[in-house]
S.K.: 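There's a structure below that I have some questions on.
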Number of protein chains: 2
Amino acid sequence: MPKSITRTYSRYSRDAAALLGALIREARNERKFTVQELADRAGISRGLLQRIEKGNLKCEIGAVFEVATIVGVKLFDTDESALTKYLRQTKEKLALLPKSVRKKSKAVHDDF
Amino acid sequence: MPKSITRTYSRYSRDAAALLGALIREARNERKFTVQELADRAGISRGLLQRIEKGNLKCEIGAVFEVATIVGVKLFDTDESALTKYLRQTKEKLALLPKSVRKKSKAVHDDF
DNA sequence: CTCTTATGAGCTATATGAAGACCATTTTTT
DNA sequence: AAAAAATGGTCTTCATATAGCTCATAAGAG
């Protein structure tokens, strides 16, 4: 990323990532996987998995989701079929909405 | 990412990211935010937000969580207090577990 | 219709996330 | 006790995700 961006994260985001990491670690221990084994299964490095388990926010979401999936940590509290179904519904719903958000151009002042 | 890693993602991971992106877009439209506005609030670029909404798996999880938080998409279907509470419990639980996973050294072969 | 603006896609430069080493510590096995 | 394995750091190298533009299209407002 150019221009050296220093990101700030909300407490909620940090907690969510920390929780997800803790759940992954818990599930990994329950399944008797070592860090190395799980990393291998997920196709990532050991170091990355350790960062994920610590709740590091600067990891790619695909790696995190993949690890979570392997050890059985459910995202969205739904199983796969329900997830797919809900995904389709959501996309259909979006297709019906206006394609772009348009601000009331003049003097509506819904900022109060 | 050195050595040109080509990651493969499970269907569940792809669906989860796609759903999260769709939920974000839906919430953004409901709150009448333009892509640019939400990106500015989250401190990310417009292009990154567009990729997040499309469910791109190669975004950093911090950016995705931050955007989700801003528009009110709840991760883990719990509110902030419940999240924090559960996080503490999970960490306490982990502290009680063995610090390392140890394979039965000989011929257990629970790999199947 | 015209005008305005949001969106989507493509491009480049660069900051940085990830891999793959290494080593120290901790934990479990023998 | 020793040995072996898992974990958790640090460091360097490098592929790439990101920011920050463009431009084209789409779509709402007047």
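Chain naming here is simple, since letters A, B, ... match the order of the sequence lines and numbering starts at 1 in each.
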S.K.: Just how far, in rounded Å, is C1' of dA5(D) from CD of Glu37(A)?
M.R.: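 The distance from CD of Glu37(A) to C1' of dA5(D) comes to 11 Å, rounded to the nearest Å.
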S.K.: Between P on dA17(D) and CG on Leu57(B), what's the gap in Å once rounded to a whole number?
M.R.: 11 Å
S.K.: Between Leu48(A) (CG) and dA15(D) (P), how many Å, whole number?
M.R.: 18 Å
S.K.: Closer than 4.0 Å, any side-chain N/O of Lys58(A) to the OP1 or OP2 of dA17(D)?
M.R.: no
S.K.: Going by number, which of residues 88-98 of chain A have a non-hydrogen atom under 4.0 Å from DNA chain C?
M.R.: none
S.K.: Provide a list of protein-nucleic acid N or O atom pairs under 3.5 angstrom, restricted to nucleotides 4-7 of chain C.
M.R.:
{"residue": "dT5(C)", "atom": "O4'", "partner": "Arg102(A)", "partner atom": "NH1", "Å": "3.3"}
{"residue": "dT5(C)", "atom": "O2", "partner": "Arg102(A)", "partner atom": "NH2", "Å": "3.2"}
{"residue": "dT7(C)", "atom": "OP1", "partner": "Val101(A)", "partner atom": "N", "Å": "3.4"}
{"residue": "dT7(C)", "atom": "OP1", "partner": "Arg28(B)", "partner atom": "NH1", "Å": "3.0"}
{"residue": "dT7(C)", "atom": "OP2", "partner": "Val35(B)", "partner atom": "N", "Å": "2.7"}

S.K.: For Gly47(A) and Cys59(B), find the nucleotide of DNA chain D closest to each by heavy atoms; which residue's nucleotide sits nearer the 5' end?
M.R.: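 Upstream on the strand: Gly47(A).
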S.K.: Starting from Leu97(A), walk the hydrophobic network (Ile, Leu, Val, Met, Phe, Trp, Tyr; side-chain heavy atoms closer than 4.5 Å) and list everyone else you reach, by chain and number.
M.R.: Leu94(A)
S.K.: Atom CZ in Arg28(A), atom OG1 in Thr34(A): separation rounded to 0.5 Å?
M.R.: 7.0 Å
S.K.: How far does NZ of Lys54(B) sit from CD1 of Ile52(B), to the nearest 0.5 angstrom?
M.R.: 12.5 Å
S.K.: Provide the closest heavy-atom pair for Val35(B) versus Leu49(B) in the form atom of the first, atom of the second, distance.
M.R.: O-CD2, 3.2 Å
S.K.: State, to 0.1 Å, how close Arg31(B) and Gly72(B) come at their nearest heavy-atom pair, and which atoms those are.
M.R.: NH2-CA, 4.0 Å
S.K.: Do Asn56(B) and Gln50(B) touch side chain to side chain, with heavy atoms closer than 4.5 Å?
M.R.: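 The answer is no; the side chains never approach within 4.5 Å.
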S.K.: Can you check the Asn56(A) CG to dT10(D) P distance for me, whole Å?
M.R.: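 Checked: the CG to P distance equals 13 Å.
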S.K.: What integer distance in Å separates Lys32(A):NZ from dT7(D):P?
M.R.: 12 Å
S.K.: Starting at atom CD1 of Ile52(A), determine the distance to atom P of dT7(D), rounded to an integer number of angstrom.
M.R.: 15 Å
S.K.: With ILVMFWY side chains joined below 4.5 Å, transitively, what does Leu96(A)'s cluster contain besides itself?
M.R.: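 Other cluster members: none.
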S.K.: What is the distance, to the nearest angstrom, from the CG atom on Leu49(B) to the C1' atom on dA17(D)?
M.R.: 15 Å
S.K.: Under 3.5 Å, which donor-acceptor pairs do the side chains of residues 11-27 of chain A form with other protein atoms, sequence neighbours left out?
M.R.:
{"residue": "Arg11(A)", "atom": "NH1", "partner": "Asp15(A)", "partner atom": "OD1", "Å": "3.1"}
{"residue": "Arg11(A)", "atom": "NH1", "partner": "Asp15(A)", "partner atom": "OD2", "Å": "3.0"}
{"residue": "Tyr12(A)", "atom": "OH", "partner": "Leu75(B)", "partner atom": "N", "Å": "3.1"}
{"residue": "Tyr12(A)", "atom": "OH", "partner": "Leu75(B)", "partner atom": "O", "Å": "3.1"}
{"residue": "Tyr12(A)", "atom": "OH", "partner": "Thr78(B)", "partner atom": "O", "Å": "3.4"}
{"residue": "Ser13(A)", "atom": "OG", "partner": "Ser10(A)", "partner atom": "OG", "Å": "3.1"}
{"residue": "Ser13(A)", "atom": "OG", "partner": "Phe65(B)", "partner atom": "O", "Å": "3.3"}
{"residue": "Ser13(A)", "atom": "OG", "partner": "Glu66(B)", "partner atom": "N", "Å": "3.4"}
{"residue": "Ser13(A)", "atom": "OG", "partner": "Glu66(B)", "partner atom": "OE1", "Å": "2.7"}
{"residue": "Ser13(A)", "atom": "OG", "partner": "Thr69(B)", "partner atom": "OG1", "Å": "3.2"}
{"residue": "Arg14(A)", "atom": "NE", "partner": "Tyr9(A)", "partner atom": "O", "Å": "3.4"}
{"residue": "Asp15(A)", "atom": "OD2", "partner": "Thr84(B)", "partner atom": "OG1", "Å": "3.0"}
{"residue": "Arg25(A)", "atom": "NE", "partner": "Glu53(A)", "partner atom": "OE1", "Å": "3.1"}
{"residue": "Glu26(A)", "atom": "OE2", "partner": "Lys93(B)", "partner atom": "NZ", "Å": "2.5"}

S.K.: Using the side chain to side chain contact (heavy atoms under 4.5 Å, CB included) criterion, which residues pair with Lys91(A)? Sequence neighbours excluded.
M.R.: Leu87(A)
S.K.: Could you give the CD1-to-P distance, from Ile24(A) to dT7(D), as a whole number of Å?
M.R.: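 Spelled out: CD1 on Ile24(A) to P on dT7(D) is 15 Å.
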